[in-house]
Amino acid sequence: MTPYQRWTLRTDATSYTVRLSADGPWAELDAWGPHGVETGPSALDWSHRTHFFTPADAAPAEYLPYGLRPFTGADLVASRPGEERGVWWEFAGAEEDEGALRLAFTDEVLGLRTVLCYRTVPGTDVILRWTEFTSSRELRLERLDSAAVTVPVTGPARLTYLTGQWSQEFQHTRLDLSRGTFSMGSTQGAPGHAYAPWLAVQDGENGPAYGVALEWPGNWHLTAQAEPGGFVRVRAGRVPHEGAVYLTPGETLTTPRLACAFSAEGLDGLSRVWHRYERHLSGERLRRPRKVLYNSWEATAFDVDAAGQLELAKTAADIGAELFVVDDGWFTGRADDTGGLGDWYPDPAAFPDGFGRFVDDVRALGLDFGLWIEPEAVSPGSELYAEHPDWVYRIEDRPARLVRNQLLLDLGRTDVQDFVIGTLDRLLTEYDISYLKWDMNRPPTERSRPGAGPADRLDLDAQHVAGYLHVLDHLRSAHPHVTVEGCAGGGARVDHATLARTDVLWPSDNTAPLDRLAIQYGFLHAHAPHVMSSWVTDAPGVFDPRSRSLAFRFVNAMCGVLGIGADLRHWDADQRAEAARWIARYKDVRDVVHLGEARLLGSPRDVTCGVQYDGADGRTVVAALSTGPLDGAPLVPGRPARLRLRGLDAAATYRDADSGAAYSGAHLLHYGLPFAWSAAHDAELVVLTRE
Ligand code: DGJ
């Protein structure tokens, strides 16, 4: 072994080089960037002078324990129960395979072996990183991050992240970090509405972009620390609910994976790296056309009955919808949000001829049928709770707290998993259901499993995550024809583990036009169009009350997976005819939207913004939206607003299939597509064909 032993992992366009440090027994980043970046003196090298802290504190370390790195943030904090914390390890060897690397470090005193794991993802510029721990003695892990990455910066680091609250998720947010620590996370047993487990780091505003995303639908943190040597070091991992996790002898504990992405083309390029990765996560299911959905939640809320739903389904079918989803309110005891959860039987009063007959009636309209369910939830008045009060998280002798009038099942228990699987199997086999919307509206508050031994040994967060993923995996294997939509009171559970097991995700309950535009703008920085469920509704803006046309609402929803959530019973013939035209148009372009390369054009803060999709068939689809101000209106001496396209061939000709107008690539790249907005005309969908 030489002190400078190095390993390079290659993705489609990037390379990631790790070296053993000359300063001590740890791995550190040598280079991360475009192919070839590893040739030359490492940009992460430093003077090797330290005052008042240690070389490990200053190093661009890939992963270091407290003990070796005492001051500037350790990735692992471990001890024998009741003893002093700290790990001091030695390098124990590397295993390299095609696209994979494992670096082992052992602490003989603790009997701990830690393996830093790396794997490239074929066809993407993503490297997955995680850590495995095995021990010969019982250990208490207080911190067990997945990985750390270091980005060299020449000034303040530009951090981009996604923040929010219920109804305002995925707000694109920026921060310039020159010194200090920036941290975000969730203790809500889900990624949460407040922050997405996703971060982009750039050396200044326009630099190449480095990104990380944590694959964990439980408690998490993501921390960026601007270090004195001109680095930003980002570390991420799960946060055990009990404050620590116990590693039992002989067991291997594996952290969640941290996906690490790079693009030389800044944030815009980085979003395309994430889109490609998420297309990879969808696997062969990517190719299934995502059907145009009608969901009745906003139209009928809990007032669900066969006649009302069929009236909506008929209109939805008439305008071209392909799938009808009955949301909350279809089961017994669910007149409002105070009851019914857990007793997953169709309400016979609402479906007097039987639910099977109702489903058949919907299908007879030429629609697929979908159903909402919240499998982890239970209402205190339900039969399920009366039979199994021990199935919910609770603390003995303490009041059970209600959130949205409901309790949460302890999905870490195998009997609860069996109940949920049995319920889903029963519904999916008894009725002709091809779409399931899995919701979760209540974060775990007090968590405990009375009678299951010492509370601090349970790791309930990880058990719940494992139970949740196990049920999703079951759905995939036992009911592969069923499309699954992930939802958690809007967009509170959007992460790569969920995404790999679902087909679409619901970003937010806010469907108002300009609010939705901002939510989708943030969402599409991190997530791919083919997973972004979006509805056309009648909802007024919660945060931005300016109204927008029906065209705007359709074009906005067509930026992802189109659905309709409006109360169609109140739409007149003209609105229905217009909707039918938009739906037909969407069906024509959805392959380009879902499978093409997407570029965000401008931002919702601009007069005009949009999304450009370049399809493999030579078509470029541009969804263009006017946010309100009519700066580009053709008032004397006004000129049309323009949206500059990107990534086209300057020398090629592109023709607008509708207007017949021809543009050179150079024109579209330099001046952009023109749009003559007016108060009534605030959105367009342009399809350009390369000639
Ligand atoms: C929250 C979801 O985000 C909504 O779309 C809807 O399904 C309601 N729950 C139903 O209770």
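Both ligands and their constituent atoms are indexed starting at 1 by order of listing. Side-chain atoms are counted along with the backbone in the values below, which use heavy atoms only and exclude waters and symmetry mates. Note that this is a predicted model, so its numbers are computed, not measured.
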* Give a yes or no on whether a salt bridge exists between R413 and D390, defined as a side-chain N under 4.0 angstrom from a carboxylate O. => yes

* Carboxylate-amine/guanidinium contact D347 R334, below 4.0 Å -> no

* Output, in order, the C-alpha distance, side-chain angles, deciding distance and verdict of ring-ring contact (aromatic ring centres under 6.0 Å, His included) for F419 and W391. => CA-CA 10 Å; F419 161 76; W391 280 8; 5.6 Å; yes

* With the threshold set at 4.0 Å, does a side-chain nitrogen-carboxylate oxygen contact exist between D439 and R493? -> no

* In terms of side-chain geometry, is the basic nitrogen of D538 or R553 positioned less than 4.0 Å from the acidic oxygen of its partner? -> yes

* Asked: Measuring from each atom of ligand 1, which residues have a heavy atom under 4.0 Å away?
  -> W297, D327, D328, W372, R404, K437, D439, N441, C487, G489, G490, W506, D509

* Asked: Is it true that R501 and D473 have a side-chain N and a carboxylate O under 4.0 angstrom from each other?
  -> yes

